[in-house]
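Residue numbers begin at 1 in each chain, while the letters A, B, ... track the order of the sequences. For clarity, every value in this text was computed on a predicted model and none was experimentally measured. Any value given below was found using the heavy atoms of this structure, including those in side chains, with hydrogens, waters and symmetry copies removed.
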Amino acid sequence: MYGLIDCNNFFVSCERAMNPSLNGRAVVVLSGNDGCVISRSNEAKALGIPMGCPAFQICNYTNPSNVVKLSARHALYGDLSRRVMSIIGTVMENLEIYSIDETFFTMPYNDVEKNHALLAELVKKIYKWTGIPVSSGFAPTHTLAKIASHIAKKDKRIIDGVYWLIRPDAIDTILRRTPIDDVWGIGRKLSQSLCGMGVYSAAQFAALPSQFVKNRFSVTTERVMRELKGEDCINVNPITIAHKSIMNSRTFGNIITDRVAVCDAVMSFADMCAKRLRDERSVASSVSVYLRGDPHRNDIPYYSNVCQLYMLTPSSSTMVIAKYALIAFNNIFREGMSYRKAGVMVSDIMPDENIQLDLFDKIEHGRQKKLMEAVDTINNKYGRKCVQMVPQTLGGDWHPQTRHTAKPSQNLRIYSDQIQSLSVIQLFQQ
DNA sequence: TCTGGGGTCCTAGGACCC
DNA sequence: TCTGGGGTCCTAGGACCC
């Protein structure tokens with residue numbers, strides 16, 4: 001049996017945990033540049049504000065003064081997520097952390113009542129220790145556990161935050177009441193096609209012939225169907241499995257036309273990708289850079305392009321990855337065009353002990369590794385951007401703009417500026 | 001005025017092989 | 001008249017998730 005714990009309205013709940021005066025009010029958390037709504041309190045949902053709603057359209061649903069708007073603070077959410085997951089890890093085994101706010105795990109007992117009691121206790125503990133409300137469910141498959149925890153969240157009669165789906169007759173009843181587009185793995189396009197065929201509920205979907213679903217849609221869709229019928233066939237990657245690609249991208253605060261300013265952003269993203277590779281003890285073989293204009297502006301020409309390069313030797317060094325990112329950037333940057341978004345992706349990722357090196361690579365690779373270890377040590381101690389390996393200006397033009405959150409401490413900024421004056425060579429010698 | 005930032009998997013089709 | 005039957009690898013694009 002698989003269990004699932006899912007944090008309710010996670011980003012809003014994090015903000016409330018830090019600031020209880022937000023309780024009882026309609027609260028939304030906004031994406032970068034305060035663009036879209038990415039988390040809503042129940043009160044905000046009740047006003048009809050949809051997920052992904054552009055912030056400037058909130059007035060279509062209610063008087064904007066009724067809603068507290070907050071700029072996202074991802075560092076805070078990541079921290080609270082780790083705390084919630086570690087509490088779950090003290091009670092449950094085989095955690096499969098699926099996203100920042102939810103994790104699967106295996107239930108320890110065969111006895112349903114014992115599992116229920118254990119989970120209810122855990123839900124209480126998480127709220128008491130972190131302030132984050134969660135819902136949970138358990139069932140024979142991941143997909144059914146998702147449905148169960150969804151019911152725990154929505155059904156007001158459930159007061160301990162736990163719902164389970166085990167008995168076949170109960171599963172059947174619930175599937176009949178579950179709209180097809182509420183099923184995990186059935187998105188907008190698929191549910192449209194299915195509704196066109198007269199399939200409106202999860203139960204109707206589960207009753208379709210397996211081969212037909214496989215031929216008409218795909219093996220993934222057929223797996224979803226088998227999961228609904230109680231067959232365990234979807235693997236969720238445990239967190240220990242390294243990423244296959246790592247991406248960093250941002251929509252800029254404004255349209256940018258200046259080559260140096262866009263390049264500055266690309267260098268920052270390359271640096272962040274490399275740092276994450278090192279954190280995962282991985283290296284990448286390929287670097288892609290993409291640039292994009294503003295698709296919402298009809299008054300200026302739109303330009304979008306991407307360039308992927310393969311490195312001679314896989315690497316996680318900021319200097320190496322930035323070097324390739326710069327070549328890719330120069331390949332696709334066009335003077336006179338307007339840019340609103342850029343990104344860097346590293347892919348073909350493998351563990352760093354797996355790389356094949358020739359004699360000369362070996363020397364260079366060793367030097368790079370030592371250098372990056374020194375930089376990471378300093379940055380972990382004194383702050384993320386104390387030492388920078390690529391040209392980046394703090395607070396460059398490209399940074400997303402936020403209006404609804406406190407700025408980071410000024411003291412730290414001044415200190416970082418001083419530290420930056422140390423040259424890379426000095427550091428390496430140290 | 002104003003629309004995010006990540007990820008994964010699968011399929012179709014082309015190039016190439018024997 | 002009549003034109004095989006497998007493979008593999010790669011890429012682009014689409015679908016899904018949070």
Query raised in the report: To the nearest angstrom, how far is A/His399 atom NE2 from B/dG4 atom C1'?
Result: 16 Å

Requested in this report: May I have the distance from A/Ile234 (atom CD1) to C/dC17 (atom C1'), rounded to whole angstrom?
Outcome: 11 Å

Query raised in the report: Toward the 5' end of DNA chain B, which comes first, A/Arg276 or A/His74, by nearest nucleotide?
Result: A/His74

Query raised in the report: Any idea which of B/dT3, B/dG4, C/dC16 is nearest the A/Lys189 side chain?
Result: C/dC16

Report task. Go through the steps for A/Asp352 and A/Lys369 under the test side-chain contact (heavy atoms from CB on, under 4.5 Å), then give the verdict. Result -> CA-CA 10 Å; A/Asp352 65 358; A/Lys369 204 169 171 176; 3.8 Å; yes

Report task. Would you indicate, yes or no, if B/dC9 has its OP1 or OP2 atom less than 4.0 angstrom from a side-chain nitrogen or oxygen of A/Arg223? Result -> no

Query raised in the report: A/Asn33 and A/Thr251: side chain to side chain donor-acceptor pair (under 3.5 Å), yes or no, with the steps?
Result: CA-CA 8 Å; A/Asn33 291 313; A/Thr251 300; 5.0 Å; no

Query raised in the report: Does A/Ser31 make a side-chain N or O approach to OP1 or OP2 of B/dT3 shorter than 4.0 Å?
Result: no

Query raised in the report: Atom CG of A/Asp348 and atom P of C/dC10: how far apart are they, to the nearest Å?
Result: 9 Å

Query raised in the report: Counting heavy atoms not belonging to A/Glu353, are there more than 12 under 6.0 Å from its CD?
Result: yes

Requested in this report: Could you check how far CZ of A/Arg403 sits from P of B/dT1, rounded to whole Å?
Outcome: 14 Å

Requested in this report: Give a yes/no on whether any side-chain N or O of A/Lys341 is located under 4.0 angstrom from OP1 or OP2 of B/dT3.
Outcome: no

Query raised in the report: Is any side-chain N or O of A/Ser249 closer than 4.0 Å to OP1 or OP2 of B/dG6?
Result: yes

Report summary line: Winner on side-chain proximity to A/Ser99, out of C/dC18, C/dC16, B/dC10, is C/dC18

Report task. Give a yes/no answer on whether the side chain of A/Arg297 brings an N or O atom under 4.0 Å of OP1 or OP2 in B/dT1. Result -> no

Query raised in the report: Are any non-hydrogen side-chain atoms of A/Phe11 and A/Ile100 less than 4.5 angstrom apart?
Result: yes

Query raised in the report: Stems in DNA chain B: runs of 3 or more consecutive Watson-Crick or G-U pairs, distances under 3.5 Å?
Result: B:5-18 with C:5-18

Report summary line: Taken to the nearest whole Å, CE/A/Met345 to P/C/dG13 is 13 Å

Requested in this report: Taking only the side-chain heavy atoms of A/Asn248 (C-beta and beyond), determine which of B/dG6, B/dG4, B/dG7 contains the nearest atom.
Outcome: B/dG6

Requested in this report: Kindly indicate, with the supporting measurements, whether the criterion side chain to side chain donor-acceptor pair (under 3.5 Å) is fulfilled by A/Asn9 and A/Lys45.
Outcome: CA-CA 10 Å; A/Asn9 313 333; A/Lys45 288 177 187 172; 2.7 Å; yes

Query raised in the report: Is A/Ile246 touching bases, backbone alone, or none of the nucleic acid, heavy atoms closer than 4.0 Å?
Result: sugar-phosphate

Requested in this report: Answer yes or no as to whether B/dT3 has its base stacked against A/His296, where stacking requires a ring-centre separation under 5.5 angstrom and planes under 30 degrees apart.
Outcome: yes

Requested in this report: Check every atom of B/dT3, B/dG7, B/dT11 against the side chain of A/His243 and return the nucleotide holding the closest atom.
Outcome: B/dG7

Report task. Would you indicate which nucleotide in B/dT3, B/dG4, B/dC10 comes nearest to any side-chain atom of A/Val219? Result -> B/dC10

Query - Residue met sooner reading DNA chain B from 5', once A/Met247 and A/Phe217 are mapped to nucleotides - result: A/Met247

Requested in this report: Could you check whether A/Val224 gets within reach of a base, just the sugar-phosphate, or nothing at all, counting any heavy atom under 4.0 Å?
Outcome: nothing

Requested in this report: Using whole Å, report how far CD1 of A/Ile349 lies from C1' of B/dT8.
Outcome: 13 Å

Query raised in the report: Base, sugar-phosphate, or nothing: which does A/Asp101 touch, judged by heavy atoms less than 4.0 Å apart?
Result: sugar-phosphate

Query raised in the report: Hey, is the main chain of A/Cys233 close enough, under 3.5 Å, to the side chain of A/Glu227 for a donor-acceptor pair?
Result: yes

Report summary line: Here the distance between atom C1' of C/dC18 and atom NE2 of A/His150, to the nearest Å, is 15 Å

Query raised in the report: From B/dC2, B/dG5, B/dG4, pick the nucleotide closest to the side chain of A/Ile38?
Result: B/dG4

Query raised in the report: Is any side-chain N of the basic residue among A/Arg278 and A/Glu373 closer than 4.0 Å to the acidic one's carboxylate O?
Result: no

Query - C/dG4 and B/dC17, which share atom name C1', separated by this distance in whole Å - result: 15 Å

**Report entry** Nucleotide nearest A/Leu190 (side chain, heavy atoms from C-beta), chosen from C/dC18, C/dC16, B/dG4
**Finding:** C/dC16

Query raised in the report: Hey, is the side chain of A/Lys146 poking within less than 4.0 Å of OP1 or OP2 on C/dC16, counting only N and O atoms?
Result: no

Query raised in the report: Can you tell which of A/Glu222, A/Lys229, A/Arg226 makes a side-chain hydrogen bond (donor to acceptor under 3.5 Å, both in side chains) with A/Ser210?
Result: A/Glu222

**Report entry** Separation of B/dG4 C1' from A/Leu70 CG (nearest whole Å)
**Finding:** 16 Å

Report task. Classify the nucleic acid contact of A/Ser245 as base, sugar-phosphate or nothing, counting any heavy atom under 4.0 Å across all strands shown. Result -> sugar-phosphate

**Report entry** Charged N-O contact under 4.0 Å between A/Asp79 and A/Arg83
**Finding:** yes

